[in-house]
J.: 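Before we start, here is the structure in question, set down as structure tokens.
Numbers for residues simply follow the sequence, beginning at 1.
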Amino acid sequence: MKKAKLYWISETNGGRKKLPDTKVYYPTTIFCNDKNMWSLVIEFDESPFLLNNMVSECKVHFLVDHAPKHLLDTAREIPIYEGPNKVGQIKFYD
């Protein structure tokens, strides 16, 4: 699991209408050097909705075991999608 900050995109810029009201979130991502879409698990200490902040501290890992972990291990930043919509950007600091 990697520590990160998730920077949410505002609704006016195409992001979510409201932040997730859960401590576990399942979006997708695409890495620039791998054009496949991968499912992620993002864990928060508190739900982003309750904190009402456009930046969320989180921990990130792949949903499936056969995912290319080396891509996540070497990434500094990745986009977060819900379907075709980009809803945030993750920046790793671990």
J.: Please name all residues satisfying side-chain contact (heavy atoms from CB on, under 4.5 Å) with T74, sequence neighbours left out, ordered by chain then number.
T.: none
J.: List for me each residue that meets side chain to side chain donor-acceptor pair (under 3.5 Å) alongside S56, sequence neighbours excluded, and say none if there are none.
T.: W8
J.: For D21, which residues count as a side-chain contact (heavy atoms from CB on, under 4.5 Å) partner, sequence neighbours excluded?
T.: S47, F49, L50
J.: Could you pull out all residues at least two apart from N36 that satisfy side chain to side chain donor-acceptor pair (under 3.5 Å)?
T.: D34
J.: With sequence neighbours excluded, tell me which residues meet salt bridge (charged side-chain N to carboxylate O under 4.0 Å, His left out) with E77.
T.: none
J.: Under the salt bridge (Lys or Arg N to Asp or Glu O under 4.0 Å) rule, what pairs show up with a residue in residues 81-93, not counting sequence neighbours?
T.: R16-E82
J.: What distance do L71 atom CG and T29 atom OG1 have between them, rounded to the nearest 0.5 Å?
T.: 10.0 Å
J.: Look at atom NZ of K59 and say whether more than 12 heavy atoms of other residues, nucleotides or ligands are closer to it than 6.0 Å.
T.: no
J.: In chain order, what residues pass the salt bridge (charged side-chain N to carboxylate O under 4.0 Å, His left out) check against K5, with sequence neighbours excluded?
T.: E57
J.: Check whether any side-chain heavy atom of I78 sits under 4.5 Å from a side-chain heavy atom of F31, and report yes or no.
T.: yes
J.: Which pair of non-hydrogen atoms, one from F44 and one from T22, has the smallest distance, and what is that distance?
T.: CD1-O, 3.8 Å
J.: Assigning hydrophobic clusters by single linkage (Ile, Leu, Val, Met, Phe, Trp, Tyr; side-chain heavy-atom cutoff under 4.5 Å), is L40 placed with I30?
T.: no
J.: Enumerate the ring-ring contact (aromatic ring centres under 6.0 Å, His included) contacts for residues 69-88, please, sequence neighbours excluded, ordered by first and then second residue.
T.: none
J.: Considering residues at least two apart in sequence or located in another chain, which fulfil the side-chain contact (heavy atoms from CB on, under 4.5 Å) criterion with N13?
T.: I9, S10
J.: Quick one: do I42 and M37 end up in the same hydrophobic cluster if we chain Ile, Leu, Val, Met, Phe, Trp and Tyr together by side-chain heavy atoms under 4.5 Å apart?
T.: no
J.: Under the side-chain contact (heavy atoms from CB on, under 4.5 Å) rule, collect the residues that match up with L63, sequence neighbours excluded.
T.: Y26, S39, V41
J.: By the salt bridge (Lys or Arg N to Asp or Glu O under 4.0 Å) test, which pairs, at least two apart or in different chains, include something from residues 35-50?
T.: none
J.: Supply the members, apart from Y7, of the Ile/Leu/Val/Met/Phe/Trp/Tyr cluster built from side-chain contacts under 4.5 Å; use none for a lone residue.
T.: V55
J.: So K2 and L72, do their side chains get closer than 4.5 Å, heavy atoms only?
T.: yes
J.: With side chains defined as the heavy atoms from C-beta onward, is the minimum distance between N53 and L19 less than 4.5 Å?
T.: no
J.: So F92 and V60, do their side chains get closer than 4.5 Å, heavy atoms only?
T.: yes
J.: Output, in order, the C-alpha distance, side-chain angles, deciding distance and verdict of side-chain contact (heavy atoms from CB on, under 4.5 Å) for Y25 and I80.
T.: CA-CA 11 Å; Y25 175 56; I80 298 300; 4.2 Å; yes
J.: At their closest point, which heavy atom of A67 faces which heavy atom of F62, and how far apart are they?
T.: CB-CG, 3.3 Å
